[in-house]
Amino acid sequence: MDAQSLIARRIAQELRDGMLVNLGIGIPTLVANFVPEGIHVFFQSENGLIGTGPVPEPGMVLPWLTDAGGKPVTALPGACAFDSAMSFGLIRGGHLDITVLGGLQVDQRGLLANWMVPGKMVPGMGGAMDLVAGAKRVIVAMQHTAKGRPKIVRECALPLTSNRPVDLVVTELAVIGFPDGQATLLETQEGVAVEDVIATTEAELAFAPELTKPTLPRAASGAASFPPVGDAK
Amino acid sequence: MDAQSLIARRIAQELRDGMLVNLGIGIPTLVANFVPEGIHVFFQSENGLIGTGPVPEPGMVLPWLTDAGGKPVTALPGACAFDSAMSFGLIRGGHLDITVLGGLQVDQRGLLANWMVPGKMVPGMGGAMDLVAGAKRVIVAMQHTAKGRPKIVRECALPLTSNRPVDLVVTELAVIGFPDGQATLLETQEGVAVEDVIATTEAELAFAPELTKPTLPRAASGAASFPPVGDAK
Amino acid sequence: MRTIKLEDAVAMIPIGATLMVGGFMGVGTPEPLVDELVRQQKGDLTVIANDTAAPGIGIGKLITARLLRRVIVSHIGLNPDTQQQMLAGELQVDLVPQGTLAERIRAGGFGLGGILTATGIGTIAEEGKQKIAVDGRDYLLEPALRAHFALVHAFIADYLGNLQYALTARNFNPLMAMAADTVIVQAENIVPVGVVAPDHVVTPAPVVDYLIAKG
Amino acid sequence: MRTIKLEDAVAMIPIGATLMVGGFMGVGTPEPLVDELVRQQKGDLTVIANDTAAPGIGIGKLITARLLRRVIVSHIGLNPDTQQQMLAGELQVDLVPQGTLAERIRAGGFGLGGILTATGIGTIAEEGKQKIAVDGRDYLLEPALRAHFALVHAFIADYLGNLQYALTARNFNPLMAMAADTVIVQAENIVPVGVVAPDHVVTPAPVVDYLIAKG
């Protein structure tokens, strides 16, 4: 299984019956492919729909029914449509159980940067700031490193998306949470050693009790020697 | 024609084609009976409908379709229904061309009191404060006096509905406006002498140029001798 | 969303809870829920609603049964019982301009801290409230409202909980369906998924917690 | 509401006007109005919209034609022309979180001074903005937005101007239809009065000023 699918599959295990879930573009979109059997999840598309269905058959495209990227989709039975104020009322008002977003950097305390790289990429925050500020649970789906550099860092060099910490970061190597405001390794993906996670993480990691403690002392892992970030993908 | 109909008929002359109009209970409701021919006016009922129709035939009552007092009405073709936030968005947002309300007192500067008599009648302001604050034009429909006492006063003794002056007061005797913040007699109803209006008005009145000036000097009219108000109907 | 028996739904509501109750002069009030509150004698309640209707109608039944400690409403003029309990000091009545009440409830459900409205400025409704100037104009800051439970009346609910309302029975119902910790819906009609077109749904299913089962 | 020819509607819009334009990545943007703005070369415009779409789509056409002086949007990521004009200093781009943008427009149409949202706190989006504490929590005060004209796309308009939208083409359209001095609507379908049920109307007729006549 490729890295992206590994991440999406693990995040899908966080879904529960009846939840309202918003999936960002990129890896988060793949989560919909791994919904556990027997549960019904409402997927919200922030352009104004709950109940987005798969891509339509040829000849069945309706120009007034797309995903947030403008690509044609279908609607499932029981779908509902609404305006952008309602869409973000659902997000900001605490009705959204989970938002799954991509990330550029996540810091030690769980703060996320995912919407701009000054001078290089300024797409606008779109709905990201509302999603992180408003969702009941924020899950970041991202590769553990970008071009060999860690994305889980001591402090974000990139502009923050919110002052509200995320709840979970899932990468192809690990699952990291932030109990008591401290980045904590909760699980490693199958076949990944704790040491591999430490070696590719700049942030100081705490460890969940059920994890085997690393054999290398943290100071020896060389995390501090990573080059400064700023052009993460 | 009775006093109430006289008032309603005169107010109906303020209506223009395509206007959105809210009619309060009491005399204002009667305005709908005098809409000039050939114009289409949208009547809003603040409980959530534009396009209220007359009382239904026996056997045709729908419990989910009433006026703001809970009385069954019908809906005209082209009617639309909405929630209370939209209803007051139309009012507060400047979309309502005219609101016609009853009044307990209107003062010299056009300030209206119409929602409570302390210790006696505390029904709640309902939509009155929003209507006066938000409508493009506020027209008060009321009898000129209550139990012989003037309702157009120097200063309202009753709690104000808004700090925004009304635009027009129509009584069975007169039409009074507030150009430059000063109560001004614009018209008298048919057969009413300017002196009759002055005699039953406590507020100092200015006079529209086209009106015959009163022969009695203002000080001699005795307006200052009216007893204090406070239990106006 | 789960279906639930009327009595079990009301049994969840503790004495002293804050409830939002839909309806405008009783139109669009979920009467079976009100009746069951009276039957189970749930007292000491705070009710947020447009009005207290009239004796024997909607929220008026809760007033007459003396189950309310406080009401936050825009109008009580057609219920003499409310006035009498208020004057006797047995019921706290907070009067709020109707448009302000609607927006404060919406703000509670939409995650906004409050609203900025010119309504009430220069009247006794401004007492004790913060004034905020925006672009040179004054507004009252009116804080958001939320409740423990919303009792919502719908015309149609589908099996998932998508709601549609009927004409003037809509009023505060869709706003309250967003603004409470637990949302209980009584629907006139319950229909299979797909019967309501996506564009006609007013309240999206995921905000509904409980739908009262048909008897 | 009056019906009007496409060219006459756009002729009303002066150079330098502020426009709200419905649509989300072009979906629900009134393309005929956009095309006519380009044909009449209406320049120096400020556009308030969700995004600048992509070159050749919706608002992207106005970007490419260099008719815009300023945009107030939540996203420009799929239009490289916008980025390029912004970096060259030819276009002012004000980025606003999407939910904040939607509520600011709604506030403009609903007569509210602004909104109180926690979105953006602790980020560069809070710069220069007033913070207001309500019940111990901080919110940003984001002022209401209004425009001279709203260009609205509807799925169905009736002869009076009542509007219904289709699925994800709804987005910002009903909000903008409330928030501009003059509201111009382009509808896919124009139907007789009564064809749209009162409960299905999303935008009430009285707020619509002009409906583009069918060709």
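Residue numbers begin at 1 in each chain, while the letters A, B, ... track the order of the sequences. The structure presented is a predicted model; accordingly, all values stated were derived computationally and were not measured.
- Remark: side-chain polar atoms of C:Asn162 are paired, donor with acceptor, to backbone N or O of A:Gly78 under 3.5 angstrom.
- The side-chain heavy atoms of A:Phe82 and C:Val201, taken from C-beta on, include no pair separated by under 4.5 Å.
- Within the 4.5 angstrom heavy-atom criterion, atoms from both the backbone and the side chain of A:Ala85 approach chain C.
- Using a 4.5 Å cut-off between heavy atoms, C:Val195 makes no contact with chain A at all.
- In the displayed structure, A:Ile25 atom CD1 is contacted under 6.0 Å by at most 12 heavy atoms of other residues, nucleotides or ligands.
- Shown here is A:Asp2, whose CG atom has more than 12 heavy atoms of other residues, nucleotides or ligands within 6.0 Å.
- More than 12 heavy atoms of other residues, nucleotides or ligands shown are found within 6.0 angstrom of CD on C:Gln41.
- Neither the backbone nor the side chain of C:Arg2 comes within less than 4.5 Å of any heavy atom of chain A.
- Of the residues considered (C:Met178, C:His200, C:Arg146), C:Met178 shows the highest number of contacts with chain A, using heavy-atom pairs under 4.5 Å.
- Proximity to chain C (any heavy atom under 4.5 Å) is shown, for A:Leu76, by neither the backbone nor the side chain.
- Options C:Val196, C:Leu160, C:Val193, C:Leu112 differ in how many heavy-atom pairs under 4.5 Å they form with chain A, and the most are formed by C:Leu160.
- A donor-acceptor pair under 3.5 Å is absent between the side-chain atoms of A:His95 and the main chain of C:Pro206, judged by distance alone.
- With a threshold of 4.5 angstrom between heavy atoms, A:Met86 approaches chain C through its backbone and through its side chain.
- Each of A:Ala81, A:Pro77, A:Cys80 has some count of heavy-atom pairs under 4.5 Å with chain C, and the biggest count is that of A:Cys80.
- Ranked by heavy-atom pairs under 4.5 Å with chain C, the list A:Ala133, A:Gly134, A:Gly94, A:Gly89 is led by A:Gly89.
- Chosen from C:Ala179, C:Pro204, C:Ala197, C:Gly194, the residue pairing most often with chain A at heavy-atom distances under 4.5 Å is C:Pro204.
- Environment of CG in C:Asp135: sparse, with no more than 12 heavy atoms of neighbouring residues, nucleotides or ligands closer than 6.0 Å.
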